[in-house]
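Every chain is numbered from 1 and lettered A, B, ... according to where its sequence line falls, protein lines coming before strand lines. Since the model is a prediction, treat every value here as computed from it, not as a measurement. Just so it is clear, the values below take in all heavy atoms, side chains as well, and ignore hydrogens, waters and symmetry mates.
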Amino acid sequence: MDGIHDMGGMHGFGAVVAQPGEPVFHEPWEGRVVGLMVAAGAAGLIPGSLRPRIESMDPAAYLAASYYGRWAHALEAGLVATGTLTVDEIDTRVAGGDPVPTRSSATSPALVAAIGGFLDAPGATSGVPVAAAFAVGDRVTVRRMAPEGHHRCPRYVRGVAGTVTRVAGGWPHPGEHEPEAIYTVRFAMADLWGADAEPGSLALDLWERYLA
Amino acid sequence: MDGIHDMGGMHGFGAVVAQPGEPVFHEPWEGRVVGLMVAAGAAGLIPGSLRPRIESMDPAAYLAASYYGRWAHALEAGLVATGTLTVDEIDTRVAGGDPVPTRSSATSPALVAAIGGFLDAPGATSGVPVAAAFAVGDRVTVRRMAPEGHHRCPRYVRGVAGTVTRVAGGWPHPGEHEPEAIYTVRFAMADLWGADAEPGSLALDLWERYLA
Amino acid sequence: MTAGGGHHPAEPTEVERRVAAIESLLVEKGLITSDMVDAVVETYEHDVGPLNGARVVARAWVDDAYRARLLADGTAAVGELGFGGAEGEHLAVLENTPAVHNVVVCTLCSCYPWPVLGLPPRWYKSFAYRSRMVREPRAVLAELGTVLPGDVEVAVWDSSAEVRYLVLPLRPAGSEGLAEDELVPLVTRDHMIGVAR
Amino acid sequence: MTAGGGHHPAEPTEVERRVAAIESLLVEKGLITSDMVDAVVETYEHDVGPLNGARVVARAWVDDAYRARLLADGTAAVGELGFGGAEGEHLAVLENTPAVHNVVVCTLCSCYPWPVLGLPPRWYKSFAYRSRMVREPRAVLAELGTVLPGDVEVAVWDSSAEVRYLVLPLRPAGSEGLAEDELVPLVTRDHMIGVAR
């Protein structure tokens, strides 16, 4: 979907302000939401991907929430979608409960180890070998589109021509299972933003279906 | 600016729901904000245009506000920008004041008449005659751009080719004074949204500077 | 409506309080008078609304010469009936035909031809309408109850600049015997935006 | 950090209460245990952070063969130092040169190479960074304190799909005499995102 999350190029969000010495988590709940997401995934409670659930937030809620606030939304949405929890029971607990979470007396050494395994899983720079319609150096143009589903083709490159700089290998497109070639495509800034753009280039990784 | 207001084509805003028998104003304050905007304009208190002030709202606030809520923001911003009111005095009144506005004992028949004149001012379908680089039937392509200032070129037509269907005349571009030709340009839906788009066409009015 | 005279079933909201504060301050400083604000509210609550547009449409249906003038210069022809003013300075009229259906949106704002339609309804100003009408007009029309035959071409108009658009709907079948005044009630706001056929 | 053990100077917010409710319910139902959540928090608070990336960079600065392997296959070369895992399955390393400066953003989300940099800082996840870095990188870099000479080409990388990017910064002038371990503290998170040169 071409949702509020697709904000590359937009004006109006103000200055970029760094905070020196920033902690990893600003509040304890931020750490818990990351931990819960990983733990619930390791326990098989939340299938599928985080991002479609974040992107389908109401746009006003998306912008009003913090980054981990959006994770919290996706965590809840995932647990509710699978029937693991209901909104009613969460609401009831919020209304009556302690903001300090219950601690379990049990421990799960095996699942903790599984989490370690998940967090440490090795990978490969490139996806699996797959047929590729384009080669390094080819000029490609990003297709016009308006997909309802989750995708990774930001609006700001639609209709723009760039050059393939890498054939990265094959990965399944989100929501699918068969690998499809991904290309790194480099665009001139002026082709994206007009003649008075900053000089330089911008590269991003695009599935073959996005290109012509 | 390419701000949050430029939402043509976006997903995620849900269904369009009409309310049969909807009143002109849902709450009395909605009418007052329209009246205040016009009255303040007639009294010379707010120079310039409403829209740049609405577009420069924080994007989260923009989405959280109702239509007349955004007008209220622009009204306040305009009155504060001219020094007519200060945020402090408005805050103070909000904290201590009555939600029913003060009524003046005075009346302003001349200004009420001026408002009538403003609301009834005749106009012309076309702007002033002006030199035009394009003619009806010409194929034109909308330029890539990323203007910081207020403009009327939505992102969804950038880089797209269409056909001039009308040379509308000349109007000053927002923020300027000299007239510049405006063209009605018609685009095929498939050129905007891809091969699986609904059939049909979309037309909009574009200043000459947007076109090549 | 008198100033702030509505009842408040709930606590006044922040925006309501701020607008009231602004009005009070401007009035107390003598910069505006309440009757100036009242005049605008009265105008759009009672005087200027889709009935104006309906009169224009009915006239165009019965008077071919008027129809031709309306399509050639919307502002002038609408002015013949006494309508004009803010957000109607540059009116263009889009004629529906059996083959083409026009529909109007404003993606960037919520521009609307006030002198002939009044102030826009909430759905016209909604983010859903603004975002979707330019991309999937048939889907949006269907949600609003208008299912168009497949052979009718949909023409969407995004009123992005200075011109405001009014749709001239098709005269309903069976209305041939009706006089101009009898045609007026057949024309709705939705016909003239183009979300009804 | 222990679960919810932080002090709360203000009332718990809605999101804080909801997250606590979810954790409590999952624990009470026996679906997860607290130590699973703790393990993740501990990992990113103490074990996985930009020091990992700094070790990779320092090694590449002193070992040309490693540098070549790192640029050819980021994931494998990072794995040689024992780093890898979630959000680092497919790592690519972007080498700064005197002529080219690389900088990384994720406009759609906030993708980031966790195994070598830890979790991203707030500014990286901010709407301002996500929206602006792809359009005006020099302006954003300047706001963050990095003014690039005009003859350096800026190459922006929007990590839109599966690959996560790590910038290999230039070895600082004057560091020729330093050993690998002495180089590590010279490498910051900001160098490896590309917002510092």
Side-chain angles (χ1 to χ4, degrees), chain A residues 5-10 13-18 22 24 28-29 31-36 38-39 43 45 51 67 69 72 76 85 89-90 93-94 97 99-104 106-108 111-112 115 118-125 152 154 168 171 182 193 198 200-205, chain D residues 1 3-4 6 12 15-21 23-25 27-28 31-37 39-41 43-45 73-75 79 84-86 89-92 107-109 119 121 123 125 127-131 134-136 138 140 143-144 153-158 160-163:
Chain A
H5 66 284
D6 181 6
M7 55 181 63
M10 284 179 66
F13 290 110
V16 179
V17 181
E22 180 181 345
V24 172
W29 71 267
R32 301 316 285 177
V33 81
V34 175
L36 285 164
V38 174
L45 303 175
R51 288 172 60 167
Y67 178 74
E76 178 172 334
L85 299 178
E89 70 186 325
I90 300 170
R93 178 62 61 105
V94 166
V100 178
T102 307
R103 281 204 68 82
S104 56
T107 64
S108 314
L111 279 170
V112 168
I115 286 173
F118 163 74
L119 294 180
D120 295 340
T125 306
R152 305 291 180 84
W171 281 270
I182 289 183
W193 312 114
E198 285 190 10
S201 69
L202 180 135
L204 71 175
D205 296 326
Chain D
M1 203 190 82
V15 65
E16 187 172 0
R17 286 186 169 279
R18 291 195 86 75
V19 171
E23 179 166 356
S24 296
L25 290 165
V27 161
E28 290 164 22
L31 297 170
I32 63 166
T33 55
S34 303
D35 58 354
M36 295 167 69
V37 181
V40 179
V41 173
T43 296
Y44 292 106
E45 284 202 323
D73 185 340
T75 312
E89 295 91 342
H90 314 291
L91 265 179
T107 59
L108 297 175
C109 183
L119 297 178
W123 60 260
K125 300 175 288 190
F127 303 143
Y129 187 77
R130 289 169 54 188
S131 61
V134 292
R135 178 171 48 76
E136 47 175 2
R138 283 178 178 270
V140 174
E143 276 179 25
L144 291 171
E153 183 192 327
V154 180
V156 181
W157 299 75
D158 185 356
S160 49
E162 300 293 341
V163 176

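In summary, the side chains of A:Ser104 and D:Ser34 do present a donor paired with an acceptor at a separation below 3.5 Å, with no hydrogens or angles considered.
If you measure heavy-atom distances from A:Glu76 to chain D, the contacts under 4.5 Å come from both the backbone and the side chain. With a threshold of 4.5 angstrom between heavy atoms, A:Leu36 approaches chain D through its backbone and through its side chain. In this structure, chain D has heavy atoms under 4.5 Å from both the backbone and the side chain of A:Val34. Using a 4.5 Å cut-off between heavy atoms, A:Ile90 touches chain D through backbone and side chain atoms alike. Contact annotation for D:Val134: both backbone and side-chain heavy atoms come within less than 4.5 Å of a heavy atom of chain A. Contacts of A:Val24 with chain D are made by side-chain atoms alone, with heavy-atom separations under 4.5 Å and no backbone atom involved. Both the backbone and the side chain of D:Ser160 come within contact range of chain A, with heavy atoms under 4.5 Å apart. Within the 4.5 angstrom heavy-atom criterion, only side-chain atoms of D:Glu28, from C-beta onward, approach chain A. With a 4.5 angstrom heavy-atom cutoff, D:Leu119 touches chain A only via side-chain atoms. For D:Ala39, the part sitting under 4.5 Å from any heavy atom of chain A is the side chain, from C-beta outward, and nothing else. With a 4.5 angstrom heavy-atom cutoff, A:Ile182 touches chain D only via side-chain atoms.
Each of A:Ala15, A:Ser201, A:Pro154 has some count of heavy-atom pairs under 4.5 Å with chain D, and the biggest count is that of A:Ser201. In terms of non-hydrogen atom pairs under 4.5 Å with chain A, the most contact-rich of D:Val40, D:Val156, D:Leu144 is D:Val156.
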